[in-house]
Protein chains: 2
Amino acid sequence: MVRSEARTRKSEETRERLLDAAAKVFRDKGYAGARLCDIAERAGMHTPGVYYYFPSKEELVEEVLRVGVARTRGYVQERVAGLAESASALDRLRAAIEGHVLMVLEIGDYTSANIRIFGQVPDDVRARHLGDQRAYGGVWRALLEDARAGGEIRSDLDLGVIRMLILGALNWTAEWYRPGPQTATEVAREATAMICDGLGVR
Amino acid sequence: MVRSEARTRKSEETRERLLDAAAKVFRDKGYAGARLCDIAERAGMHTPGVYYYFPSKEELVEEVLRVGVARTRGYVQERVAGLAESASALDRLRAAIEGHVLMVLEIGDYTSANIRIFGQVPDDVRARHLGDQRAYGGVWRALLEDARAGGEIRSDLDLGVIRMLILGALNWTAEWYRPGPQTATEVAREATAMICDGLGVR
DNA sequence: AGCGGATTTTAATTCGTGTTAAAAAGGGTC
DNA sequence: GACCCTTTTTAACACGAATTAAAATCCGCT
C-alpha cells in the first residue's frame with residue numbers, strides 16, 4: 001500500500017522537530033555535551049524515539065551540519081542575488097556579510113550550531129562534511145575575487161587569509177552576542193564598516 | 001618536616017606537565033570530549049595520578065582557562081608596552097593584534113585551549129572564569145578608547161561591538177590556521193591591514 | 001470492527017569514563 | 001639501613017548516556 005500523504009507529512013514534521021531540537025541542543029551544549037535525551041525531550045518524545053528517525057547520534061549531527069551550511073549558503077546567495085544590477089562588488093560583499101550575520105544571530109539555529117560544533121564532531125563526520133563547507137567558502141572566495149578584479153579592494157592582501165578573518169569575525173558573534181543593547185542588523189553594520197572601510201579615519 | 005627544595009620543584013614540574021597536556025587535549029577534543037586518561041597518558045602517568053594534583057576535571061580545566069587568559073594578557077600588554085614612546089594609539093592597537101595572533105597560533109596552547117573550550121565548560125566554571133576574561137577585555141577596551149580619544153579612529157563605530165569583532169577574527173584563526181602556506185606573522189599582518197585600514201582602496 | 005504498517009514507549013543492556021580506595025614505590029633524612 | 005612523607009599505581013566503583021529489544025499504541029483503510 002502507498003503511504004498516505006497525510007501520514008508521511010506528519011512523519012516529516014516530527015523529523016524536522018527533532019532536527020530543530022538537535023540544532024538548539026548541540027549549539028548550547030556542544031557535541032559531546034549534548035544528550036540524546038535532551039534532544040528527544042525538546043522534541044516531545046522519549047530517547048529511543050530518536051532512533052526511528054536517525055540511526056545514531058553521529059548521523060543526527062551530520063544532518064544538522066548539512067542543513068546548516070545549505071541554509072546559510074542559500075540565504076547569503078539569495079541576498080546577494082537580490083541586489084540591483086548596478087551594485088558594486090563591494091556592495092555585494094556587504095550584502096553577504098549582513099546575510100551571514102543575520103543567519104548566525106537571528107534566523108539560523110542550524111547555522112550557529114554548525115559554527116559552534118564543527119570543531120568538536122568526530123573526525124569522520126567532519127571529513128564527510130568538509131565538501132559542503134568548502135562549497136560555501138567558494139561563495140566568499142568568488143565575492144572577494146570579483147571585488148579585486150574590479151579594482152575595488154586593495155591588491156596587497158592575501159584573499160585566502162582575509163576570507164577566514166572575515167568569517168571569523170562574523171562566526172564569533174555566535175559566542176558573545178545576546179539580543180539587547182544592539183540588534184543583529186546593527187552588529188552587521190559595524191562589521192561591514194570595519195571590514196570594508198577599516199577603523200582608521202579617512 | 002619542611003619539604004625539600006628539590007622535591008617541591010619536581011612536583012611543580014609534574015603539575016606543569018599535566019597542565020600542558022590538559023591544554024593540548026582540551027584544545028583538540030573539547031571539554032566533554034577530552035578524557036582524563038588522554039591527559040594523563042600525555043603527561044606520562046596513569047589516570048588517577050591526576051587526582052594527586054587536581055581534585056576534579058572541572059578544577060583542572062579551570063586552571064587551564066586561568067593560565068590561558070593570564071598569559072595572553074601578559075604577552076599582549078608586554079608587546080604594547082615595548083613600543084616606542086612615539087607610537088600612536090593605532091600602532092599600539094596593531095601591536096596588540098599581532099601579539100594576540102601570535103599567542104593563538106604559535107606560543108599559546110593555553111590561549112587556543114581557552115578560546116575553543118570556553119563555551120563548552122560547565123556553567124559554574126565559566127561563571128567563575130568570567131572575571132579574568134573581562135579583565136583581558138578591558139585591555140582592548142582601553143586601547144580602542146585611547147585611539148578614539150586621540151581622533152585616530154572613526155567616531156561612528158560602537159567600540160563594544162568592534163572589540164568583539166576584532167577578537168572574533170583573531171580567535172577564529174585557531175579554527176582554521178595550519179602552519180604551511182602562511183606564517184603566523186603574515187596572518188597577523190593581514191589582520192592589522194584589514195582591521196585598521198579596511199579592504200577598500202583608499 | 002479489525003487488520004497491518006507506522007510510530008512511540010518501557011525496559012534492559014552495554015560501555016566508557018570520572019572518581020575513590022587501598023596498596024605500592026620512591027627517595028630524602030636521621 | 002629504617003622511617004616517613006610524597007607520589008604513583010593497581011583495582012574497583014558509580015553513574016550516565018548511547019543503543020537495542022520487545023511490547024504497546026496509533027491510525028488509516030477495508
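Letters A, B, ... are given to chains in the order of the sequence lines, protein chains preceding strands, and every chain is numbered from 1.
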Please check if the side chain of [X] supplies one atom and the backbone of [Y] the other of a donor-acceptor pair under 3.5 Å.
| X | Y | answer |
| --- | --- | --- |
| B:Asn114 | B:Leu65 | yes |
| B:Arg154 | A:Gly198 | yes |
| A:Arg126 | A:Val121 | yes |
| B:Lys57 | B:Ala34 | yes |
| A:Arg42 | A:Arg17 | no |
| A:Glu152 | A:Ala89 | yes |

- [ ] State yes or no: are the ring centers of B:His100 and B:Tyr136 separated by less than 6.0 Å?
- [x] yes
Please give, in whole Å, the distance from [N] [atom2] to [X] [atom1]?
| X | N | atom1 | atom2 | value |
| --- | --- | --- | --- | --- |
| B:His46 | C:dA25 | NE2 | C1' | 13 Å |
| B:Leu60 | C:dT19 | CG | C1' | 14 Å |
| A:Leu18 | C:dT7 | CG | P | 13 Å |
| B:Glu13 | D:dT6 | CD | P | 18 Å |
| B:Met45 | C:dG26 | CE | C1' | 14 Å |
| B:Arg17 | D:dT7 | CZ | C1' | 12 Å |

As a test of reading the structure: which of [options] is closest to the side chain of [X], going by heavy atoms?
| X | options | result |
| --- | --- | --- |
| B:Pro48 | C:dT19, D:dT8, D:dT10 | D:dT10 |
| B:Tyr51 | C:dA21, C:dG18, D:dT8 | C:dG18 |
| B:Lys57 | C:dT19, D:dT10, D:dT19 | C:dT19 |

Task: Selection: residues 23-44 of chain B, any non-hydrogen atom under 4.0 Å of DNA chain C - done: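 Listed by number, they are B:Ala34, B:Arg35, B:Leu36.
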Open item on the list: If we check side-chain contact (heavy atoms from CB on, under 4.5 Å) with A:Val101, which of these qualifies: A:Thr192, A:Leu170, A:Val76?
Closed with: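 Filter result, single survivor: A:Leu170.
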TODO: Please say which of B:Gln77, B:Arg71, B:Arg79 ends up in a side-chain hydrogen bond (donor to acceptor under 3.5 Å, both in side chains) with B:Tyr75.
DONE: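 One option only clears the test, and that one is B:Arg79.
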Open item on the list: With a cut-off of less than 4.0 Å, is there a side-chain N or O of A:Tyr52 near OP1 or OP2 of C:dT8?
Closed with: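 Looking at the OP1 and OP2 atoms of C:dT8, neither is under 4.0 Å from any side-chain N or O of A:Tyr52.
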Open item on the list: When you measure from the side-chain N and O atoms of B:Tyr53 to the phosphate of D:dT7, is any distance below 4.0 Å, counting only OP1 and OP2?
Closed with: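 No, because none of the side-chain N or O atoms of B:Tyr53 sits under 4.0 Å from OP1 or OP2 of D:dT7.
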- [ ] For B:Thr47, report the nucleic acid contact type (base, sugar-phosphate, nothing); a contact means any heavy atom under 4.0 Å.
- [x]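 The answer is base, as B:Thr47 lies within the cut-off (heavy atoms under 4.0 Å) of a base atom.
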Open item on the list: If the helix axis at each end comes from five base pairs, how far does the helix from C:dA1-D:dT30 to C:dC30-D:dG1 deviate from straight, to 10°?
Closed with: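 Inter-axis angle at the ends, rounded: 10°.
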